[in-house]
Amino acid sequence: MAKKKKRPRDPEGRMSLGEHLAELRDRIFIVAVFVVLFSIAGWFLYYPLYEALAVPFRELKGLGYNVAINIGGVAGTFETHLRLAAYIGVALSIPVIVYEAWAFISLGLKKNEKRWALSFLFSSGPLFLAGAIFGYFAITRAIPILMTFGPNKEVLQLVEFRDYIELVVKTCMVFGVAFIYPVFLVALNIVGILPWRTILKAWRWAILLSFIFTAAMVPTPEPITLLLVTSPFLILFFGAVLVAYILETRREKRLKKQAAFTESGEYVPSQIALPKSLDDAYADSHKDTGGSSES
């Protein structure tokens with residue numbers, strides 16, 4: 001049987017639709033394998049994570065409140081164990097998911113686009129993780145406060161553990177996504193859609209929306225807690241303005257140097273750094289003409 005010849009790789013990286021679909025299939029398969037493997041590991045991490053999630057209720061019991069975690073149904077314990085293991089598997093697979101998504105997208109990007117996309121990738125990952133951790137501490141701090149509004153401490157408050165897990169996961173995801181919104185502001189600035197002055201003009205809306213978001217996600221009656229939880233969003237917003245200002249200022253200086261070089265028509269290497277090939281070609285052409293330039 002004749003061996004099937006492999007299609008030669010396009011030097012510009014172009015691929016047919018079938019090749020793109022095959023590439024996507026392979027990367028989804030890799031992600032699925034890692035999710036399953038990490039979910040198996042998550043099965044054994046269930047009890048340590050359960051202890052971490054039960055901290056707010058232990059604090060309430062220590063204060064004299066009658067609080068209990070409920071896992072209903074005959075197979076409720078197994079279902080909860082399996083559900084939490086799957087959440088752990090997905091959470092631990094996030095670096096793999098991000099990498100595989102980047103590897104697939106980068107096939108259609110140019111060299112300079114890959115550089116910017118890679119920088120956004122590596123900045124988004126830590127910010128998402130920081131947001132998820134921040135969301136965990138925010139929700140676990142809010143629950144003891146919210147559960148103290150009962151008529152008295154003797155009232156039994158049952159907490160469905162499945163609903164509680166979903167609440168924690170959703171909160172962590174929302175805070176993780178909220179922490180990476182400054183990356184999108186900087187990206188829009190880089191492509192020239194959103195100047196830094198336009199971003200800064202929206203500072204009042206940014207403060208208002210940050211407080212509304214925090215109040216909706218962590219509904220605590222304490223103004224100090226609300227301010228502390230909102231402060232990271234404000235820091236990230238003004239940090240994005242600063243980064244956009246620095247990048248835009250550098251672009252403007254580079255464009256001014258290029259414009260000055262074009263208008264003068266003189267070879268001034270100290271004013272603008274040309275690529276080496278263009279630099280040598282320009283110098284060689286001036287050697288042939290005795291160093292004079294013609295307009």
Side-chain angles (χ1 to χ4, degrees), residues 13 94 97-99 101-135 138 173-218 226-276 278-279:
I94 286 178
I97 295 172
V98 172
Y99 171 78
W102 151 251
F104 178 74
I105 295 172
S106 65
L107 295 173
L109 297 178
K110 298 178 182 178
K111 188 176 180 180
N112 61 329
E113 293 173 337
K114 287 183 179 181
R115 184 179 73 250
W116 283 114
L118 194 61
S119 64
F120 292 142
L121 174 68
F122 283 109
S123 60
S124 300
L127 284 174
F128 180 86
L129 180 61
I133 295 173
F134 187 81
M173 292 292 292
V174 170
F175 272 90
V177 173
F179 263 54
I180 64 175
Y181 87 94
V183 176
F184 294 101
L185 294 179
V186 175
L188 292 174
N189 175 264
I190 289 174
V191 298
I193 297 176
L194 205 59
W196 72 268
R197 290 183 180 86
T198 304
I199 303 175
L200 185 59
K201 286 180 181 178
W203 67 271
R204 295 180 182 86
W205 283 104
I207 294 175
L208 176 63
L209 293 176
S210 297
F211 275 103
I212 292 175
F213 173 80
T214 304
M217 295 303 301
V218 189
L226 183 65
L227 181 61
L228 291 175
V229 176
T230 307
S231 57
F233 296 104
L234 303 180
I235 293 172
L236 288 171
F237 172 78
F238 287 107
V241 173
L242 179 61
V243 172
Y245 167 75
I246 293 173
L247 294 176
E248 195 169 326
T249 303
R250 289 180 178 178
R251 283 201 306 272
E252 289 176 355
K253 289 181 178 180
R254 186 167 61 249
L255 290 174
K256 287 180 180 178
K257 289 180 180 180
Q258 291 176 353
F261 175 78
T262 304
E263 291 175 1
S264 64
E266 296 179 357
Y267 175 63
V268 187
S270 60
Q271 293 183 359
I272 181 170
L274 290 173
K276 190 175 187 304
L278 294 178
D279 194 2

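As the structure is a computational prediction, the values presented were derived from the model and not from experiment.
- Considering CG of Leu234 and OG1 of Thr214, their distance stands at 8.0 Å, rounded to 0.5 Å.
- Within 6.0 Å of the OH atom in Tyr245, the count of heavy atoms belonging to other residues, nucleotides or ligands does not exceed 12.
- Smallest separation of non-hydrogen atoms from Ala240 and Val186: O-CG2, 4.0 Å.
- Considering all non-hydrogen atoms of both residues, Pro232 and Phe179 come closest at CB-CZ, 3.8 Å.
- The backbone N or O of Phe233 sits less than 3.5 Å from a side-chain atom of Tyr181, completing a donor-acceptor pair.
- Between Phe237 and Ile199, the shortest heavy-atom distance links the atoms CZ-O, 3.2 Å.
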Candidate pair Phe175 and Ile133, rule side chain to side chain contact (heavy atoms under 4.5 Å, CB included), full reasoning: CA-CA 8 Å; Phe175 272 90; Ile133 295 173; over 6 Å; no
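- Considering all non-hydrogen atoms of both residues, Ile180 and Phe128 come closest at CG2-N, 3.7 Å.
- Contact check for Trp196 versus Val243: no side-chain heavy atoms found under the 4.5 Å cut-off.
- Here the shortest heavy-atom pairing between Thr230 and Phe211 reads OG1-CD2, 3.6 Å.
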